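Predicted model only: the values in this text are computed from it and were never measured.
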Amino acid sequence: MYVLKIRIKYSKLGNLRFIGHLDVMRYFQKEIRRAGLDVSYSKGYSPHQIISFAAPLAMGITSDGEYFDGEFESVTTSREMIDALNAVSVDEMKVTECVLLPDDAKNSMSVVSASDYVISFLDKAGTEERHNILDSVESFMSQDQIIILKKTKKSEREENIKPGIMTCELRDDQIYMLLSTGSEYNLKPELVMQALCAYADVSHNQFHYHIHRLETYMDGPDGNIIPLYKAGSPF
């Protein structure tokens, strides 16, 4: 049976930053059913919706650029699908884009190459701490290498994360970062903040700043990165 590949972009805001990826998956499975969308199911004794998510967020991070792909037996229009999903959703998790992918499109999880973030400081961060970090961004990025101690369950090792930082710059009183994301190399913004704090001689405290993802990208046909929804077209 012919199925339609649909890519959906959504936001994850407010208190929903405290729910994990598995809960997000369950949330959308229920939302798709409530919206009455004609999603495809796997075959066998325990059928499940054929949907897959791209680059899930770590706990505590908000986003305007989250994605999942789904296979559907039939669709109406992009606008009607967006409205149907949002009608049964909470305000902090809203669908913003819905596009039809080409038949040969790879799933979003496999094509992600970058994500960008804005880091803003909370009131808990003192004025001196904030200024020391912000004043260090330019010289931090001028280093030939940025070495961190990366810890795993079994070991710890030094790693140069500089190649994974595509951009890191000041934007007003915030820090903007464009980082490598995906299966080839995945750099988390928390690691960059740890390295920046160490460079600025400031004790790193993850509760003193907030991370917000702006968009998730893939490599475009001309070599530049493009938002994941640009791989498809509205219908």
J.: Let me see the working for S180 and N186 under side-chain contact (heavy atoms from CB on, under 4.5 Å), right down to the final yes or no.
T.: CA-CA 6 Å; S180 294; N186 192 63; over 6 Å; no
J.: Answer yes or no: is there a donor N or O on one side and an acceptor on the other, between the side chain of E169 and the main chain of Y176, under 3.5 Å?
T.: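 Absent.
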J.: Could you check L100, I51, L37 and say which one makes a side chain to side chain contact (heavy atoms under 4.5 Å, CB included) with I6?
T.: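 Running side chain to side chain contact (heavy atoms under 4.5 Å, CB included) over L100, I51, L37 with I6 returns exactly one hit, L100.
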J.: Can a donor-acceptor pair be found, under 3.5 Å and without considering hydrogens, that links the side chain of S40 to the backbone of I50?
T.: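 Checking the backbone N and O of I50 against the side chain of S40, no donor-acceptor pair under 3.5 Å is found.
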J.: N160 side chain to I146 main-chain N or O, any donor-acceptor pair under 3.5 Å?
T.: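 Between the backbone of I146 and the side chain of N160 there is a qualifying donor-acceptor contact (under 3.5 Å).
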J.: Any heavy-atom pair between the side chains of E190 and I61 that's under 4.5 Å?
T.: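 In short, these two side chains touch, coming nearer than 4.5 Å.
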J.: Quick check: do I175 and V137 have side-chain heavy atoms less than 4.5 Å from each other?
T.: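 Heavy-atom side-chain distance check passes, below 4.5 Å.
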J.: Hey, quick one: are M81 and V90 part of the same hydrophobic cluster, counting side-chain heavy atoms closer than 4.5 Å, chains of contacts allowed?
T.: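 Yes, because M81 and V90 connect within a single hydrophobic cluster, where side-chain heavy atoms sit under 4.5 Å apart.
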J.: Main chain of L178, side chain of T167: is a donor-acceptor contact present, judged purely on distance under 3.5 Å?
T.: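 No, because the side chain of T167 does not come within donor-acceptor range (under 3.5 Å) of the backbone of L178.
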J.: Measuring centre to centre across the rings, with the benzene-like ring taken for any Trp, is F121 within less than 6.0 Å of H208?
T.: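 For F121 and H208, the ring centres are not under 6.0 Å apart.
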J.: Do I32 and L16 share a hydrophobic cluster (ILVMFWY, side-chain heavy atoms under 4.5 Å, transitive)?
T.: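 Shared cluster, yes.
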J.: Cut-off 3.5 Å, side chains only: do Y217 and D116 have a donor facing an acceptor?
T.: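 Indeed, the side chains of Y217 and D116 share at least one donor-acceptor pair under 3.5 Å.
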J.: Looking at H210, R213, R17, which hits side-chain hydrogen bond (donor to acceptor under 3.5 Å, both in side chains) with T62?
T.: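 For T62, the side-chain hydrogen bond (donor to acceptor under 3.5 Å, both in side chains) check succeeds only for H210.
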J.: Quick check for you: to the nearest 0.5 Å, what is the distance between S108 atom OG and K9 atom NZ?
T.: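 If we round to the nearest 0.5 Å, S108:OG and K9:NZ are 13.0 Å apart.
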J.: Same cluster or not: are L134 and M141 linked, directly or through other Ile, Leu, Val, Met, Phe, Trp or Tyr residues, by side-chain heavy atoms under 4.5 angstrom apart?
T.: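 Yes, same cluster.
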J.: Do other residues, nucleotides or ligands put more than 12 heavy atoms under 6.0 Å from the CG atom of D23?
T.: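 It does: D23 CG has more than 12 such atoms within range.
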J.: Given the rule in the side-chain contact (heavy atoms from CB on, under 4.5 Å) test, do V118 and R171 qualify, once you have shown the distances and angles that lead to the verdict?
T.: CA-CA 9 Å; V118 167; R171 293 191 177 178; 6.0 Å; no
J.: Do you see a donor-acceptor pair shorter than 3.5 Å between the side chains of S89 and Y27?
T.: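 Yes, a side-chain donor-acceptor pair sits under 3.5 Å.
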J.: May I ask whether M193 and L149 are part of the same hydrophobic cluster, defined by side-chain heavy atoms of I, L, V, M, F, W, Y residues being less than 4.5 angstrom apart, directly or through others?
T.: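 M193 and L149: separate clusters.
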J.: To the nearest 0.5 Å, tell me how far F235 CZ sits from L101 CG.
T.: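 Interatomic distance, F235 CZ to L101 CG, rounded to 0.5 Å: 9.5 Å.
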J.: Tell me, which pairs form a salt bridge (charged side-chain N to carboxylate O under 4.0 Å, His left out) where one or both residues lie in residues 90-115, sequence neighbours left out?
T.: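 Pairs touching residues 90-115 that pass the test: D91-K94.
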J.: Do Y199 and S139 get their side chains close enough for a donor-acceptor pair, meaning under 3.5 Å?
T.: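 The criterion, which ignores hydrogens and geometry beyond distance, is satisfied for S139 and Y199.
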J.: Look at the rings of F53 and Y10 and say which category their plane angle falls in: under 30° parallel, 30 to 60° tilted, over 60° perpendicular.
T.: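 Judged by the thresholds at 30° and 60°, the geometry between F53 and Y10 is perpendicular.
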J.: Would you say E138 has more than 12 foreign heavy atoms packed within less than 6.0 Å of its CD?
T.: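 It does not: E138 CD has 12 such atoms or fewer within range.
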J.: If hydrophobic clusters are built by linking Ile, Leu, Val, Met, Phe, Trp and Tyr wherever their side-chain heavy atoms come under 4.5 Å apart, do L22 and V24 end up in the same one?
T.: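 Yes, one cluster joins them.
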J.: Is there a donor-acceptor pair under 3.5 Å between the side chain of T216 and the backbone N or O of G65?
T.: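 Yes; at least one donor-acceptor contact below 3.5 Å.
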J.: Between D222 and N224, is there a donor-acceptor pair closer than 3.5 Å when you use the side chain of the first and the backbone of the second?
T.: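 Present.
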J.: Is it true that R33 and E31 have a side-chain N and a carboxylate O under 4.0 angstrom from each other?
T.: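 Between E31 and R33 there is no salt bridge, as every charged N stays at least 4.0 Å from the carboxylate O atoms.
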J.: Is the number of heavy atoms from other residues, nucleotides or ligands within 6.0 Å of CG (D144) greater than 12?
T.: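 12 or below, so no.
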J.: For side-chain contact (heavy atoms from CB on, under 4.5 Å), just list the numbers for I165 and L187, CA-CA rounded to whole Å, side-chain angles, deciding distance to a tenth of an Å, and then say yes or no.
T.: CA-CA 8 Å; I165 307 176; L187 181 57; 3.6 Å; yes
J.: Verify the distance criterion only: is there a donor paired with an acceptor across the side chains of S113 and D219 at less than 3.5 Å?
T.: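 Looking only at side-chain atoms, D219 and S113 do form a donor-acceptor pair, the distance falling under 3.5 Å.
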J.: Counting C-beta onward and ignoring hydrogens, is there a side-chain heavy-atom pair between M109 and N107 closer than 4.5 Å?
T.: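 In short, these two side chains touch, coming nearer than 4.5 Å.
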J.: Measure the shortest side-chain to side-chain distance between M218 and V112 over non-hydrogen atoms and say whether it is less than 4.5 angstrom.
T.: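 No. Closest side-chain heavy atoms not under 4.5 Å.
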J.: Per the side chain to side chain contact (heavy atoms under 4.5 Å, CB included) rule, which among N86, L85, I19, L13 passes with M93?
T.: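 That would be I19; it is the only one of N86, L85, I19, L13 passing the side chain to side chain contact (heavy atoms under 4.5 Å, CB included) with M93.
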J.: What distance do L196 atom CG and S136 atom OG have between them, rounded to the nearest 0.5 Å?
T.: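 Reported to 0.5 Å precision, the distance equals 6.5 Å.
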J.: Which is it for L57 and S63 under the side-chain contact (heavy atoms from CB on, under 4.5 Å) test, yes or no, and what are the steps along the way?
T.: CA-CA 8 Å; L57 282 176; S63 176; 3.5 Å; yes
J.: Mind checking the CD-NZ spacing from Q49 to K30? Nearest 0.5 Å is all I need.
T.: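 Answer for the CD-NZ pair, Q49 versus K30, is 11.5 Å.
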J.: Taking atom types as modelled, find out whether Y209 and E129 have a side-chain donor-acceptor pair closer than 3.5 angstrom.
T.: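 Note: Y209 and E129 side chains miss the donor-acceptor criterion.
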J.: Does the side chain of Y41 reach to within under 4.5 Å of the side chain of E71, using non-hydrogen atoms?
T.: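 Y41 vs E71: side chains apart.
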